[in-house]
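Counting convention: from 1, in listed order, for ligands and their atoms alike. This chain uses plain numbering: 1 for the first residue, then up along the sequence.
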Amino acid sequence: MAATERTLVLLKPDAVARGLTGRLVQRFEDAGLKIVGLKMKHMDADFTRKHYFDLEERFGKGVYDATATYMQQGPVIALLLEGVDAVANVRRMIGTTFPAQAAPGTIRGDFAHMSKTYAEGTGKAIANLVHASGSVDEAKYEAQLWFADEEQFDYQTLAERYVF
Ligand code: TYD
C-alpha cells in the first residue's frame with residue numbers, strides 16, 4: 001500500500017487577524033486531511049530565515065524583507081496535515097502565489113485578491129493567507145522545523161477508512 005504524506009500549512013498573520021482560522025482549517029478537514037500537529041507561534045527573525053531559507057536567493061532581498069516583515073506582523077497557526085499525496089493536494093487547495101491569479105475555489109482565490117503589480121508598486125508583501133510546503137522534501141524539512149517528534153501525532157480519524 002502506498003504511504004500517505006505529511007505537509008506543513010501556515011495560516012499567516014493576515015488569516016489569523018481576519019478571523020479566518022476556523023474556516024480555513026475546516027477546508028482541510030472537509031477534504032479528509034488529518035491534523036497531526038497544530039500550534040500558534042510568533043515567528044522571530046531567526047526562525048523566519050530558517051523557514052524561508054532560500055527565498056532571498058530565489059527572489060532577492062526586497063521580496064525576502066517584505067515577506068519577513070509580513071510573517072512577523074502577528075502570530076501564525078501551523079498545521080501538520082496528513083493524507084494521500086498531501087503535499088500536491090494541499091498546494092492545489094491553496095492556489096497560486098498571487099491571489100489575483102488564484103482560481104476561485106482555492107483559499108487564495110476565495111479570500112484575497114491582491115496582485116503582484118500592486119504589491120510591487122506599494123512595496124507590500126503578497127498577503128496570501130497561507131503557506132504550504134512546495135515539495136515532499138520541503139515538507140520533510142518544514143515538519144521537523146516546526147514540530148518536535150512529540151508534537152507530531154499518530155491516531156486514526158473516523159474518515160480515513162473512506163478517504164485514505
Ligand atoms: P513562494 O515560495 O514562491 O510562493 P508560495 O508561497 O506560493 O509557495 O514565495 C513565498 C512567499 O514569498 C509568497 O507566499 C509571498 C512572498 N512573495 C512575495 O511577496 N513577492 C513575490 O514576488 C514572490 C515570488 C513571493
Taking heavy atoms and a distance under 4.0 Å, where does [X] meet ligand 1: side chain, backbone, both or neither?
{"X": "His131", "answer": "neither"}
{"X": "Arg91", "answer": "side chain"}
{"X": "Thr67", "answer": "side chain"}
{"X": "Ile94", "answer": "neither"}
{"X": "Arg108", "answer": "side chain"}
{"X": "Lys12", "answer": "side chain"}

Check each atom of ligand 1 against the heavy atoms of Val63 and keep those under 4.0 Å away; list them by number with element.
->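 Near Val63, meaning under 4.0 Å from one of its heavy atoms, ligand 1 has 17 (N), 18 (C), 20 (N), 21 (C), 22 (O), 23 (C), 25 (C).
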Which of the ligand 1 atoms, numbered from 1, are nearer than 4.0 Å to a heavy atom of Lys116 = 22 (O)
Would you tell me whether Gln101 and Thr96 have side-chain atoms, one donor and one acceptor, within less than 3.5 Å of each other?
->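 There is no such pair between these side chains.
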Starting from atom 4 (O) of ligand 1, locate the nearest protein heavy atom and write down its residue, its atom name and how far away it is, to 0.1 Å.
->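 The closest one turns out to be Thr97 OG1, 3.2 Å.
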Of all the non-hydrogen atoms in the protein, which one sits nearest to atom 2 (O) of ligand 1, and at what distance?
-> Arg58 NH2, 3.3 Å
So which of [options] gets nearest to [atom], if we judge by its closest heavy atom?
{"atom": "atom 13 (C) of ligand 1", "options": "Ile126, Leu129, Asn128", "answer": "Asn128"}
{"atom": "atom 24 (C) of ligand 1", "options": "Phe59, Tyr64, Tyr70", "answer": "Phe59"}
{"atom": "atom 9 (O) of ligand 1", "options": "Leu55, Val130, Leu10", "answer": "Leu55"}

Under 3.5 Å between some N or O of ligand 1 and some N or O of Glu120?
->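 It does not: no N or O of Glu120 is found under 3.5 Å from an N or O of ligand 1.
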Distance-only N or O hit between ligand 1 and Thr96, under 3.5 Å |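 In fact, backbone or side chain, Thr96 has no N or O that close.
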Just wondering, more than 12 heavy atoms not from Tyr155 lying within 6.0 Å of its OH?
->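 Yes, OH of Tyr155 has more than 12 neighbouring heavy atoms, counting only those of other groups under 6.0 Å.
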Are Arg58 and Tyr64 in a cation-pi contact, defined as NZ or CZ under 6.0 Å from the six-membered ring centre and within 45° of the axis?
-> no
Please confirm whether Lys39 makes a cation-pi placement over Phe147, using NZ or CZ under 6.0 Å from the six-membered ring centre and within 45° of the ring normal.
->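 Positive - Lys39 is close enough to the ring of Phe147 and near enough to its axis.
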Glu56/Lys61 ion pair, N-O < 4.0 Å | no
Do the charged groups of Arg6 and Asp154 touch, with an N to O distance under 4.0 Å?
-> yes
Taking only residues at least two apart or on different chains, which pairs with a member in residues 4-51 satisfy ring pair (Phe, Tyr, Trp, His ring centres under 6.0 Å)?
->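 Pairs touching residues 4-51 that pass the test: Phe47-Trp146, His51-His131, His51-Trp146.
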Let me see the working for Arg92 and Asp85 under salt bridge (Lys or Arg N to Asp or Glu O under 4.0 Å), right down to the final yes or no.
-> CA-CA 11 Å; Arg92 198 169 47 85; Asp85 297 324; over 6 Å; no
Those residues that, when tested against Ala31, pass side-chain contact (heavy atoms from CB on, under 4.5 Å) (two or more places apart) |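 Ala31 satisfies side-chain contact (heavy atoms from CB on, under 4.5 Å) with Leu33, Met93 only.
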Any side-chain heavy atom of Leu11 sitting closer than 4.5 Å to one from Leu20?
-> no
